Number of protein chains: 2
Amino acid sequence: MARKRFDDSNCSVARALNEVGDWWSLLIVLHAMYGTRRFVDFQQQLGIAKNILCDRLSKLVDNEVLRKVEAGEHGSRFEYRLTEKGRDLFPVVVALRQWGDKWNPAPDGEQLDLRDRATGQPIQPVSVRNSDGEPLTIRDVLVADDLKAAKNTG
Amino acid sequence: MARKRFDDSNCSVARALNEVGDWWSLLIVLHAMYGTRRFVDFQQQLGIAKNILCDRLSKLVDNEVLRKVEAGEHGSRFEYRLTEKGRDLFPVVVALRQWGDKWNPAPDGEQLDLRDRATGQPIQPVSVRNSDGEPLTIRDVLVADDLKAAKNTG
DNA sequence: CGAATAGGGTTGCATTATGAAACCAATTTG
DNA sequence: CAAATTGGTTTCATAATGCAACCCTATTCG
């Protein structure tokens, strides 16, 4: 039957996955972050079917992750550019990429090489930090959100 | 035709999405982080079909994100627990959750409430940082990885 | 100008994944 | 022992995916 949707889930991770949680959407966002803007370039770089790319781009536009901008003088040529909401996925993409590099390194050992434009130095691993800036593991935090509350009270 | 796979992609994000990039896997990891360990609990909390849950759990075990542990005395009762690789997805999940809370807040305004167990203080937003610990936006970094190299030299 | 090409998109169709429910075997619980 | 739990497989209808083939509108090339 229908793939389950999470539009009205009370879990924000589920709602987030509803927008960028399929195979292609996050890769499209990734390539947009690398500078890709044109339909044809997305298609060639990702090796994605055109109808699926159409579908994903329009959904990303609907969800305000991308916006569609006329690029040609007379219309009929467009660019898809990240919105602030889309750019805000930067930590997600970088964290996922670092995880992939760490646990599923490429055969050739190719790693993420993101550098501070100002200093040329590599960036740090993305981590969860407390209010003092100290890195925290999952064991160092407590969850006091709706899910936990539901489990305790229900 | 077949859903496209990225096992041997030279992009680590694609390889990462191959392991946790479907609708359910990351939600399973999320609930595992909240403490869920049993098949039935995952099923009830996620509202997932049993066959799909079987499939996802075994794939996550194959990919060493979870490990399957005998919980009953005589077998036939199991727990699925996060490995170090699985726990290492913590920043990804938290970043995604914060993004969801920021841009698609729940109708009731429910937010992520993760706190430092030691101090009780809320955690910081996950961000990308340079070697000095300063937060960086996507405009502050340069990408010097394989994809960019391929675009420059190709 | 006319033809070819490129960009963006839609349509058909075969293949695959998904979800609900039924069914199963082993193990607890009462 | 009977009934319920747990973890899992099977069956089947439906939805999503990928490929190829078209379509339409510019733009470029001869």
Side-chain angles (χ1 to χ4, degrees), chain A residues 1-9 14 17-28 31-32 35-63 65-81, chain B residues 1-9 14 17-28 31-32 35-63 65-81:
Chain A
M1 284 194 108
R3 165 173 287 176
K4 191 164 254 186
R5 312 240 77 135
F6 300 102
D7 312 85
D8 53 355
S9 168
L17 289 175
N18 214 33
E19 299 197 348
V20 294
D22 68 279
W23 293 83
W24 289 117
S25 295
L26 207 60
L27 287 178
I28 291 172
H31 280 249
T36 304
R37 290 174 178 174
R38 303 285 291 279
F39 185 95
V40 191
D41 294 332
F42 282 115
Q43 201 204 326
Q44 292 180 350
Q45 291 171 20
L46 293 168
I48 184 177
K50 288 167 80 174
N51 51 351
I52 305 296
L53 180 58
C54 274
D55 180 71
R56 291 305 184 282
L57 285 174
S58 63
K59 278 180 183 164
L60 287 169
V61 169
D62 286 347
N63 291 328
V65 173
L66 297 176
R67 66 179 201 279
K68 188 173 182 175
V69 183
E70 291 202 7
E73 349 268 317
H74 314 78
S76 122
R77 202 143 301 196
F78 307 98
E79 286 185 356
Y80 295 88
R81 312 186 65 157
Chain B
M1 287 194 105
R3 164 173 287 178
K4 191 164 257 187
R5 311 240 80 134
F6 301 101
D7 312 85
D8 53 355
S9 168
L17 289 175
N18 214 35
E19 299 195 348
V20 294
D22 68 279
W23 292 84
W24 290 116
S25 296
L26 208 60
L27 287 178
I28 291 172
H31 280 248
T36 304
R37 292 175 177 174
R38 302 287 290 280
F39 186 95
V40 191
D41 295 332
F42 282 115
Q43 200 205 328
Q44 292 179 351
Q45 290 172 20
L46 292 168
I48 182 176
K50 289 167 79 175
N51 52 350
I52 305 296
L53 180 58
C54 274
D55 180 72
R56 292 304 184 281
L57 286 174
S58 63
K59 279 180 182 163
L60 287 169
V61 170
D62 287 346
N63 291 328
V65 174
L66 298 176
R67 67 180 200 279
K68 187 173 183 175
V69 183
E70 290 201 7
E73 349 269 318
H74 313 79
S76 127
R77 205 142 298 197
F78 307 98
E79 287 185 357
Y80 295 88
R81 311 187 64 156

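A quick note: this is a predicted structure, and the numbers were derived from the prediction, not measured. Letters A, B, ... are given to chains in the order of the sequence lines, protein chains preceding strands, and every chain is numbered from 1.
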How many Å lie between [atom1] on [X] and [atom2] on [N], as a whole number?
| X | N | atom1 | atom2 | result |
| --- | --- | --- | --- | --- |
| Leu53(A) | dT11(C) | CG | C1' | 17 Å |
| Leu60(B) | dG7(D) | CG | C1' | 16 Å |
| Asp55(A) | dG9(C) | CG | P | 12 Å |
| Gln44(B) | dA4(D) | CD | C1' | 14 Å |
| Ile48(A) | dG9(C) | CD1 | C1' | 14 Å |
| Gln43(A) | dT10(C) | CD | C1' | 13 Å |
| Lys50(A) | dT17(D) | NZ | C1' | 17 Å |
| Asp41(A) | dG9(C) | CG | C1' | 16 Å |

Go through [options] for me and flag the one nearest to the [X] side chain.
| X | options | result |
| --- | --- | --- |
| Arg56(B) | dG8(C), dA17(C), dG8(D) | dA17(C) |
| Val40(B) | dT6(D), dG8(D), dG8(C) | dT6(D) |
| Asn51(B) | dG18(D), dG8(C), dG19(C) | dG19(C) |
| Arg77(B) | dG7(D), dA21(C), dG8(C) | dG7(D) |
| Ala49(B) | dC19(D), dA20(C), dG9(C) | dA20(C) |

Q: Let me know which of Asp62(B), Asp55(B), Asn63(B) forms a side chain to side chain donor-acceptor pair (under 3.5 Å) with Lys59(B).
A: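 Of the listed residues Asp62(B), Asp55(B), Asn63(B), the side chain to side chain donor-acceptor pair (under 3.5 Å) partner of Lys59(B) is Asp55(B).
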Q.
Exactly one of Glu70(B), Arg67(B), Arg38(B) should register a side-chain contact (heavy atoms from CB on, under 4.5 Å) with Glu79(B). Which one does?
A.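 Testing each of Glu70(B), Arg67(B), Arg38(B) against Glu79(B), the sole residue satisfying side-chain contact (heavy atoms from CB on, under 4.5 Å) is Arg38(B).
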Q: Using the six-membered ring of Phe78(A), assess whether NZ or CZ of Lys68(A) lies under 6.0 Å from its centre and within 45 degrees of the ring axis.
A: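 Verdict for Phe78(A): a cation-pi partner in Lys68(A).
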Q) Counting just side-chain N and O atoms, does Trp24(A) come under 4.0 Å of either OP1 or OP2 of dT17(D)? A)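 False: Trp24(A) side-chain N/O out of range (4.0 Å or more) of dT17(D) OP1/OP2.
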Q.
Looking at Lys68(A), I'd like to know whether one of its side-chain N or O atoms comes within less than 4.0 Å of OP1 or OP2 on dG9(C).
A.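 Yes, within the criterion.
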Q. Hey, which of these two, Arg38(B) or Asp22(A), hits DNA chain D nearer its 5' end, going by closest nucleotide?
A.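 By nearest-heavy-atom nucleotide position, the 5'-most residue is Arg38(B).
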Q. So, the side chain of Ser25(B) versus the backbone of Gly21(B): is there a donor-acceptor pair under 3.5 Å, distance only?
A.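 Side chain of Ser25(B) to backbone of Gly21(B): no pair is present.
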Q: Using a heavy-atom cut-off of under 4.0 Å over every strand shown, decide if Tyr80(B) touches base, sugar-phosphate, or nothing.
A: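 Touches sugar-phosphate only.
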Q: Could you grab the distance from atom CZ of Arg56(A) to atom CG of Leu27(A), nearest 0.5 Å is fine?
A: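 The CG atom of Leu27(A) is 11.0 Å from CZ of Arg56(A), to the nearest 0.5 Å.
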